[in-house]
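Scroll down for the structure; my scribbles are underneath it.
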Amino acid sequence: DDAPTEVRKIADGQKAAVGKTMPTTRVRGHCPDLLKGIAGMQAMQVETDFSPASLKPLITLLVSRLNECPH
C-alpha cells in the first residue's frame with residue numbers, strides 16, 4: 001500500500017492481466033528502477049514480432065530450462 005505510484009501501477013497491471021501480483025514483482029518493487037526496467041523488457045518481449053505469438057511460451061520455457069530456472 002505504501003509503494004511508489006510507478007510500482008503500484010506495474011503491480012496493478014500485472015494483477016489485472018494474470019489475476020495476482022507475482023512475488024518477484026513485490027520483491028523488485030523495493031527497487032523501483034529495477035522493476036521498471038524488467039517490466040519494460042517483458043513488455044517488449046510481448047510486443048515484438050521477432051517470433052510468432054504461438055511460440056513465445058515455448059521459447060520462455062526453453063530459456064527457463066536452459067538457465068535451470070523452474071517455470
Exercise. How does the hydrophobic cluster around Leu58 look, that is, which other residues are in it when side-chain heavy atoms under 4.5 Å mark a link?
Worked result: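 The other cluster members (ILVMFWY side chains, heavy atoms under 4.5 Å, direct or chained) are Leu55, Ile59, Val63.
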For this session: If you link ILVMFWY side chains whenever their heavy atoms are less than 4.5 Å apart, which other residues fall into the same cluster as Ile38? By chain and number, please.
Result: Leu34
Tell me which donor-acceptor pairs under 3.5 Å the side chains of residues 16-28 have, and how far apart each pair is, sequence neighbours excluded?
from	atom 1	to	atom 2	distance (Å)
Thr21	OG1	Ala11	O	3.4
Thr25	OG1	Gln14	OE1	3.0
Thr25	OG1	Gln14	NE2	3.0
Arg26	NH1	Thr21	O	3.0

Exercise. Taking atom NZ of Lys15 as the centre, does the number of heavy atoms from other residues, nucleotides or ligands within less than 6.0 Å exceed 12?
Worked result: no
Exercise. Do you know which two heavy atoms are closest between Ala3 and Arg8, and how far apart they sit?
Worked result: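 Closest pair (atom of Ala3, atom of Arg8, distance): O-NE, 2.8 Å.
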Exercise. Which atoms form the tightest heavy-atom contact between Leu35 and Gly29, and what is the distance?
Worked result: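 Taking Leu35 first and Gly29 second, the nearest heavy atoms are CD2-CA, 3.9 Å.
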Problem set entry | Summary of side-chain hydrogen bond (donor to acceptor under 3.5 Å, both in side chains) pairs that have at least one residue in residues 34-52, sequence neighbours excluded |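 For residues 34-52, and leaving out neighbouring residues, there are no side-chain hydrogen bond (donor to acceptor under 3.5 Å, both in side chains) pairs at all.
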For this session: Working to the nearest 0.5 Å, report the span between CD1 of Ile10 and OG1 of Thr5.
Result: 11.5 Å
